[in-house]
2 protein chains.
Amino acid sequence: MNGFIAPQNPNLMETTLKSRETMHRLCGKGLEIFNEKGYYNTSLDDILNQLSLSKGAFYHHFKSKEDYFISIVQNLIVQKVYALLIEPLNTEENPLPIIVESLENALEPGKKNEMAYGFMLNDFLTEFNKRNEEISGYLKDILNVWEVNLVSVLKKGKLDGYIARHVDCEGVATYIIASYLGMRSLMTDSSNRQLKYQYAQQLKHYFKSLEPQPVMA
Amino acid sequence: MNGFIAPQNPNLMETTLKSRETMHRLCGKGLEIFNEKGYYNTSLDDILNQLSLSKGAFYHHFKSKEDYFISIVQNLIVQKVYALLIEPLNTEENPLPIIVESLENALEPGKKNEMAYGFMLNDFLTEFNKRNEEISGYLKDILNVWEVNLVSVLKKGKLDGYIARHVDCEGVATYIIASYLGMRSLMTDSSNRQLKYQYAQQLKHYFKSLEPQPVMA
DNA sequence: CATTTAACCGACCTGCAAGTCGGTTCAGAT
DNA sequence: ATCTGAACCGACTTGCAGGTCGGTTAAATG
């Protein structure tokens, strides 16, 4: 009691770290299994058994399964979408090939051997659409952020002369997102090379129709 | 016993009709509610209460909830897909506008006041993908039929000079299906005019890129 | 050493929904 | 009139999964 507010003492910090680590393990494994089997088809015990944790441990950290999943969305899924689909858009170049590349990349089932599950937004979106409005809302928010960023980069591409002036950037963004979500629906058997190739090719054709027409001599 | 095989006697036919009618009512209501709330989120009682039928009635006609849904798929959903997406392709004209039209039509939330639910294949596909391989298979079969028909009509369009020779018809069909499924994911709040309009516009742009290039003078 | 408390354990509670089963109704056959 | 069986009823069984709760462990503190 020397008049200062005491700094967090070390042991408290340590326990906090322990707690955080367990939460992270729970979230990571949760995302993995929810992504594999779906949220409603996965019981908490499915996850807890794999981590050798108990119900008690779980409910010490999360107040419900729903709360748990919201944590997963807001920590892990948001991060993934940013890393795979939004940050790559930050470039000065022609946005169209960049978009194709980011989408192709995001259709990969898993990079290397870490975090080996692809992009799962579509499945979750559909699963929660008619079941849980709150979670559904969070997922849609993520899509909206993506859309806003796509529109922004498309408009910039228009200014820079990569995209024709007549193009409706919002429409294009919507169409890109729709086709991407749909591809994820079709790609059940994860790494379907054929589908991925077809998608990239057609996307390129479509994008060609957005380019300014070369002026005829 | 006059040596002929007796024709189905009338009362048997009558009871068969009664039975059929109940099954039809069950299937119709089932599709409606499954489509609204999802298969796994709908209990049989939800449906039976609305029809004032009992568990006993249900299990007299179907051997399980799964069997029930398979009936719905093979009777009603198959029909819908044919009517909305496959039969319209039967035409001698330029297939591209026909395809756009059929897709726009299929995005309508409901025609008139009968059968007022749109096209639900995508939701069911996602719901069953990780849960029930058998049902998932039936749904994929439907998609495959659609794809085959799209490819066929595109190839015909190529022969008739409506589509450029370099076009990969399988790829285009895949891309069409993907974008359509994705739109259905996005259109939570059913009749979203804006989304539908954007989709149709972009689809037309995309299709323009598939047309043969006019020969320059 | 005693005390406190975060982290964790696991048996139990509880609600829900699929599926069962013995019974009832009633139209038509004999 | 009686009988048969299809159609239907609804209380009950069963299993599952989310959530609860009293107890245990272990680390830090005094």
Side-chain angles (χ1 to χ4, degrees), chain A residues 1 6-27 29-30 33-34 37-72 127-128 130-132 134-135, chain B residues 1 6-27 29-30 33-34 37-72 127-128 130-132 134-135:
Chain A
M1 299 293 181
Q8 298 284 338
N9 66 31
N11 72 304
L12 182 57
M13 213 165 92
E14 205 174 310
T15 57
T16 297
L17 282 180
K18 176 83 182 303
S19 176
R20 274 220 187 292
E21 202 235 307
T22 303
M23 283 179 76
H24 276 149
R25 285 207 306 147
L26 276 166
C27 287
K29 196 45 114 179
I33 302 192
F34 286 143
K37 312 202 314 171
Y39 175 84
Y40 289 107
N41 198 31
T42 301
S43 71
L44 293 179
D45 285 326
D46 289 342
I47 298 167
L48 294 171
N49 288 338
Q50 287 207 22
L51 294 175
S52 299
L53 284 175
S54 66
K55 280 277 175 68
F58 179 88
Y59 281 95
H60 179 74
H61 293 289
F62 301 98
K63 71 181 227 290
S64 66
K65 189 185 182 187
E66 179 177 343
D67 174 57
Y68 173 46
F69 190 75
I70 292 174
S71 288
I72 291 177
E127 193 170 10
F128 290 110
K130 294 167 179 171
R131 284 263 227 163
N132 185 314
E134 187 185 358
I135 294 184
Chain B
M1 298 297 182
Q8 298 284 339
N9 67 29
N11 72 305
L12 182 57
M13 213 165 91
E14 205 173 313
T15 57
T16 297
L17 282 180
K18 175 83 181 302
S19 175
R20 275 221 188 290
E21 203 235 307
T22 303
M23 282 179 76
H24 277 148
R25 285 207 306 146
L26 276 167
C27 288
K29 196 45 116 177
I33 304 192
F34 286 144
K37 311 202 315 171
Y39 175 83
Y40 289 107
N41 197 31
T42 301
S43 72
L44 293 179
D45 284 327
D46 289 343
I47 297 166
L48 294 171
N49 287 337
Q50 287 207 24
L51 293 176
S52 299
L53 284 175
S54 66
K55 279 277 174 67
F58 179 87
Y59 281 95
H60 179 74
H61 292 289
F62 301 98
K63 71 180 228 291
S64 66
K65 189 185 181 187
E66 177 177 342
D67 174 57
Y68 173 45
F69 191 75
I70 292 174
S71 288
I72 292 177
E127 193 170 8
F128 290 109
K130 293 167 180 174
R131 284 262 227 165
N132 186 314
E134 187 183 0
I135 293 184

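In what follows, chains are A, B, ... by sequence order, proteins preceding strands, each numbered from 1. The structure displayed is predicted, hence computed values, not measured ones.
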*Asks:* On DNA chain D, compare the nucleotides closest to B:Arg25 and A:Phe58; which residue's is nearer the 5' end?
*Replies:* B:Arg25
*Asks:* Rounded to the nearest Å, what distance is computed from the CZ atom of residue B:Phe34 to the C1' atom of nucleotide C:dA17?
*Replies:* 12 Å
*Asks:* Would you please classify the geometry between the A:Phe34 ring and the A:Phe69 ring as parallel, tilted or perpendicular, with 30° and 60° separating the classes?
*Replies:* perpendicular
*Asks:* Given D:dG19, D:dG18, C:dC8, identify the nucleotide with an atom nearest to the side chain of A:His60.
*Replies:* C:dC8
*Asks:* Before giving the answer on side-chain contact (heavy atoms from CB on, under 4.5 Å), spell out for A:Ile47 and A:Tyr68 the whole-Å C-alpha distance, their side-chain angles and the decisive distance to 0.1 Å.
*Replies:* CA-CA 12 Å; A:Ile47 298 167; A:Tyr68 173 46; 3.8 Å; yes
*Asks:* Report the distance from atom CG of B:Asp45 to atom P of D:dC12, rounded to the nearest whole Å.
*Replies:* 15 Å
*Asks:* Consider the side chain of A:Ser54, meaning its heavy atoms from C-beta on, and name the nucleotide among D:dC9, C:dC9, C:dA18 that approaches it most closely.
*Replies:* C:dC9
*Asks:* What's the closest nucleotide to the A:Lys55 side chain, out of C:dA6, C:dA18, C:dG10?
*Replies:*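 So the side chain of A:Lys55 is nearest to C:dG10.
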*Asks:* B:Leu53 has an atom CG; how far is it from atom P of D:dA7, in whole Å?
*Replies:* 13 Å
*Asks:* Would you say B:His61 places a side-chain N or O within less than 4.0 Å of OP1 or OP2 belonging to D:dC8?
*Replies:* yes
*Asks:* Look at the side chain of A:Ser43 and decide which nucleotide, out of D:dA17, C:dC9, C:dA18, has an atom nearest to it.
*Replies:* D:dA17
*Asks:* Looking at OG1 of A:Thr42 and NZ of A:Lys29, how far apart are the two atoms once the value is rounded to the nearest 0.5 Å?
*Replies:* 12.0 Å
*Asks:* Below 4.0 angstrom from OP1 or OP2 of C:dA7, is there any side-chain N or O of A:Thr22?
*Replies:* no
*Asks:* Measure the distance from OH on A:Tyr59 to P on C:dG10 and round it to the nearest whole Å.
*Replies:*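 Atom OH in A:Tyr59 sits about 17 Å away from atom P in C:dG10.
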*Asks:* For the side chain of A:Glu127 and the backbone of B:Glu127, is there at least one donor-acceptor N/O pair under 3.5 Å apart?
*Replies:* no
